[in-house]
Amino acid sequence: MRVGPSADYRIDWVYHRPGLPVKVVRLMEGWRLIEDPDGARGWVVARLLSPDRGAIVIGDASTELRDGASSGSDIKWRVAPGVVGVLGDCDDGWCEFSIGGRRGYILASRLWGAGPP
């Protein structure tokens, strides 16, 4: 992540965690101003960003990944804060969420990155 939208600007941060979700705040000629889950902002060349929507589990305790999009659905797994996954469709406060080969539904309020695309 650079401090400006060009390779001429200094590198401010290097991300090593694959799939870490970021929000694109602004577009500029092949560059994206992004914000990460910690609130840090900077510029990344667009080709380095994945088109897949990701999310990260937030909160102070684990949450449930359920079989269906309701609190009455069976619990498939418990997911710890900080776990990163691929975000599917979100509806009525629930989101499809995939972590590796594990898929299910999780409360949207427990995911950073589950807002509008």
Euclidean distance, Leu107 CG relative to Cys90 SG, rounded to 0.5 Å: 10.5 Å

Phe97 with Val84, same ILVMFWY side-chain cluster at under 4.5 Å: no

Arg103 atom CZ, neighbour heavy-atom count above 12 within 6.0 Å: no

Qualifying residues under salt bridge (charged side-chain N to carboxylate O under 4.0 Å, His left out), relative to Glu35, sequence neighbours excluded: Arg41

Same apolar cluster (I L V M F W Y, side chains within < 4.5 Å links), Tyr15/Leu49: yes

Leu20 reachable from Leu111 in the ILVMFWY side-chain graph, under 4.5 Å edges: no

Sidechain-backbone polar pair: Arg66 side chain, Ser71 backbone, donor-acceptor under 3.5 Å: yes

Closest heavy-atom pair and its distance - Arg2, Ala7: NH1-O, 3.3 Å

Nearest heavy-atom neighbours spanning Cys95 and Ala114: SG-CB, 3.9 Å

Least distance between heavy atoms, Tyr105 atom then Gly68 atom: CB-O, 3.4 Å

Spacing of Ile58 atom CD1 and Arg110 atom CZ [to the nearest 0.5 Å]: 7.0 Å

Residues which pass side chain to side chain contact (heavy atoms under 4.5 Å, CB included) with Ala46, listed by chain and number, not counting sequence neighbours: Arg32

Over all atoms of both residues, closest heavy-atom pair of Leu87 and Gly113: CD2-O, 3.3 Å

Ile34/Met1 under side-chain contact (heavy atoms from CB on, under 4.5 Å): CA gap, chis, key distance, verdict: CA-CA 9 Å; Ile34 62 163; Met1 182 168 68; 4.1 Å; yes

Under the salt bridge (charged side-chain N to carboxylate O under 4.0 Å, His left out) test, residues paired with Arg47 that sit two or more places apart: none

Val83: partners by side chain to side chain contact (heavy atoms under 4.5 Å, CB included), with sequence neighbours left out: Val57, Val79, Ala80, Ile99

Heavy atoms of other groups near Asp52 CG, more than 12 under 6.0 Å: yes

Listed partners of Arg17 passing side-chain hydrogen bond (donor to acceptor under 3.5 Å, both in side chains), at least two apart: none

Non-neighbouring partners of Asp91 that pass side chain to side chain contact (heavy atoms under 4.5 Å, CB included), sequence neighbours left out: none

Transitive ILVMFWY side-chain link Trp43 to Val22, under 4.5 Å: yes

Worked check of side-chain contact (heavy atoms from CB on, under 4.5 Å) between Ile75 and Leu65: CA-CA 6 Å; Ile75 297 171; Leu65 189 68; over 6 Å; no

Same cluster (ILVMFWY, side-chain, under 4.5 Å), Trp112 and Trp94: no

Tyr9 atom OH, neighbour heavy-atom count above 12 within 6.0 Å: no

Asp74/Lys76 ion pair, N-O < 4.0 Å: no

Flag, side chain of Asp36 to backbone of Asp38, donor-acceptor distance under 3.5 Å: yes

